[in-house]
Visitor: 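Questions regarding the structure given below will be posed in turn.
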Amino acid sequence: MSTEAGAARNGTAPREPGSPPPTPNGSTAHGPAPGTPGGAAETDRREASELGLREILREDLRRHYGSFAHPGLHVLAVYRLGQWRRTRRQPLRAALTVVYKVLNNLVIRNLYGVELSEKARLGRRVHIGHHQTILIPPFCEIGDDCTLRHNLTIGYAGGSASPRDVPRIGARVELAPGVHLLGAITIGDDARIGPGSIVMTDVPAGSTVFAAPARVMKPPTP
């Protein structure tokens with residue numbers, strides 16, 4: 001059996017020249033991962049690309065409270081479809097590409113306010129808590145069990161940056177509303193980035209990042 005055929009059978013997108021590396025596997029959690037009953041993440045170390053479409057969508061559904069109406073689930077479902085279609089043969093692949101691009105461009109981007117590139121690499125059980133104003137560019141990597149919230153920018157530090165100069169986010173990272181991650185930086189596993197933080201340097205694993213606190217200007221006394 002050829003490598004491409006074996007990859008298609010296992011639901012793995014064949015690596016193309018110049019494509020980004022697989023998503024970092026963050027399944028070595030010390031406790032049960034959110035949305036995985038019984039701590040299944042400890043024994044199941046497969047990467048997102050190794051799961052079939054139905055299997056990974058079931059994980060995404062559990063991560064989004066089992067709600068088919070959750071916008072975050074819709075965003076991930078379209079992204080997963082875009083990844084899975086690459087394992088299909090023509091003419092099915094061409095038909096799925098049309099469906100994916102229509103849903104991604106007209107619904108996910110224009111209606112849901114999420115720009116999620118198909119060239120980004122998302123891990124398993126990613127949770128999109130709030131769906132508006134999220135930018136995830138090509139070649140960005142997000143590990144397993146991460147939580148993303150609204151008004152999130154993951155991008156470049158400058159206009160002359162290389163397309164690959166984007167953040168790499170480890171496993172179990174929590175990103176609060178209003179976070180901006182810029183440049184070729186690494187966010188370590190289990191890091192927590194607080195609301196309104198602008199991060200342009202590496203963040204060690206297990207660290208917490210806070211933005212500057214707001215100042216309270218008391219009214220003048222009469």
Side-chain angles (χ1 to χ4, degrees), residues 20-51 56 59-65 70 72-73 75-76 79 114 116-117 119-131 133-157 161-162 164-214:
T23 306
N25 189 347
S27 298
T28 57
H30 297 295
T36 55
E42 290 188 347
T43 57
D44 188 351
R45 300 175 182 271
R46 290 176 297 168
E47 296 184 352
S49 59
E50 298 178 281
L51 273 65
I56 199 165
E59 282 192 345
D60 291 336
L61 176 62
R62 289 194 297 267
R63 191 72 163 90
H64 291 81
Y65 317 113
H70 199 295
L73 175 65
V75 172
L76 284 173
Y79 169 79
V114 178
L116 173 53
S117 172
K119 294 182 180 179
R121 289 292 177 264
L122 271 61
R124 299 170 58 178
R125 300 175 299 275
V126 172
H127 177 65
I128 300 179
H130 310 286
H131 63 283
T133 323
I134 295 178
L135 171 61
I136 303 175
F139 308 116
C140 173
E141 298 180 11
I142 299 178
D144 297 346
D145 302 301
C146 289
T147 298
L148 317 180
R149 295 184 176 88
H150 60 283
N151 199 19
L152 168 66
T153 299
I154 302 175
Y156 312 99
S162 165
R164 294 183 182 271
D165 289 341
V166 292
R168 177 186 179 276
I169 301 170
R172 303 172 299 279
V173 173
E174 294 188 21
L175 302 178
V179 167
H180 301 272
L181 307 178
L182 305 175
I185 61 177
T186 298
I187 309 298
D189 295 348
D190 302 295
R192 301 176 65 187
I193 313 297
S197 299
I198 301 176
V199 183
M200 301 181 68
T201 58
D202 291 346
V203 175
S207 300
T208 299
V209 177
F210 288 107

Visitor: For the backbone of A184 and the side chain of D165, can you confirm whether one donor and one acceptor N or O come within less than 3.5 Å of each other?
Guide: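 No: the side chain of D165 does not pair with the backbone of A184.
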
Visitor: Restricting to non-hydrogen atoms, name the atom on P167 and the atom on C140 that form the minimum distance, rounded to 0.1 Å.
Guide: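 Here P167 and C140 meet closest at O-SG, 3.6 Å.
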
Visitor: Can any side-chain N or O of R124 pair as donor or acceptor with the backbone N or O of R46 at less than 3.5 Å?
Guide: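 A pair under 3.5 Å: yes.
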
Visitor: Atom CG of L135 and atom CG of L116: how far apart are they, to the nearest 0.5 Å?
Guide: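 Answer for the CG-CG pair, L135 versus L116, is 9.5 Å.
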
Visitor: So which atom in H70 and which in I128 form the shortest heavy-atom distance, rounded to 0.1 Å?
Guide: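 Heavy atoms only, the tightest pair is CE1-O, 3.2 Å.
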
Visitor: Going from CG on L182 to OH on Y156, what distance comes out if it is rounded to the nearest 0.5 angstrom?
Guide: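 OH of Y156 is found 11.5 Å from CG of L182.
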
Visitor: Determine the interplanar angle of the H127 and H64 rings, folded into 0 to 90°, and report it as parallel if under 30°, tilted if 30 to 60°, perpendicular if over 60°.
Guide: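 Rings of H127 and H64: tilted, 30 to 60°.
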
Visitor: Hey, mind stepping through T147 and R63 against side-chain contact (heavy atoms from CB on, under 4.5 Å) and telling me if it holds?
Guide: CA-CA 10 Å; T147 298; R63 191 72 163 90; 3.4 Å; yes

Visitor: Enumerate, atom names and distances included, each donor-acceptor pair closer than 3.5 Å involving a side-chain atom of residues 193-201, sequence neighbours excluded.
Guide:
unit_1 : atom_1 : unit_2 : atom_2 : d
S197   : OG     : G194   : O      : 2.9
S197   : OG     : A211   : N      : 3.3

Visitor: Assess whether salt bridge (charged side-chain N to carboxylate O under 4.0 Å, His left out) is satisfied between D145 and R172, documenting all intermediate values.
Guide: CA-CA 5 Å; D145 302 301; R172 303 172 299 279; 5.1 Å; no

Visitor: Say you draw a straight line from CG of L76 to CG of L61; how long is it, rounded to the nearest 0.5 Å?
Guide: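 The CG atom of L61 is 11.0 Å from CG of L76, to the nearest 0.5 Å.
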
Visitor: Using 0.5 Å steps for rounding, measure from the CG atom of L152 to the CG atom of L181.
Guide: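 Reported value, rounded in 0.5 Å steps: 6.0 Å.
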
Visitor: So, taking the atom named CZ in R121 and the one named CD in E47, what distance separates them when rounded to the nearest 0.5 Å?
Guide: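 Here the interatomic distance stands at 11.0 Å.
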
Visitor: Which heavy atom of I154 sits nearest a heavy atom of P137, and at what distance?
Guide: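 For I154 versus P137, the nearest heavy atoms are O-CD, 2.8 Å.
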
Visitor: Pair I169, C146 - check side-chain contact (heavy atoms from CB on, under 4.5 Å), show working.
Guide: CA-CA 9 Å; I169 301 170; C146 289; 4.2 Å; yes

Visitor: Does the pair I185 and V166 meet the rule for a side-chain contact (heavy atoms from CB on, under 4.5 Å), with working shown?
Guide: CA-CA 7 Å; I185 61 177; V166 292; over 6 Å; no

Visitor: Distance from I187 atom CD1 to E174 atom CD, nearest 0.5 Å?
Guide: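 Going from CD1 on I187 over to CD on E174, the span is 13.5 Å.
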
Visitor: Tell me the closest heavy-atom pair linking A48 and G123, and the distance in Å.
Guide: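 Smallest heavy-atom distance, with atoms named: CB-C, 3.9 Å.
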
Visitor: Hey, does E59 have a side-chain heavy atom less than 4.5 Å from the side chain of L51?
Guide: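 Yes, at least one pair of side-chain atoms sits under 4.5 Å.
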
Visitor: Please step through side-chain contact (heavy atoms from CB on, under 4.5 Å) for the pair I142 and I136, ending with a clear verdict.
Guide: CA-CA 9 Å; I142 299 178; I136 303 175; 4.0 Å; yes

Visitor: Is any side-chain heavy atom of T153 closer than 4.5 Å to a side-chain heavy atom of V179?
Guide: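 Side chain of T153 against side chain of V179, heavy atoms only: no contact under 4.5 Å found.
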
Visitor: The criterion is ring pair (Phe, Tyr, Trp, His ring centres under 6.0 Å); which residues satisfy it with H131, sequence neighbours excluded?
Guide: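 So H131 forms a ring pair (Phe, Tyr, Trp, His ring centres under 6.0 Å) with Y112.
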
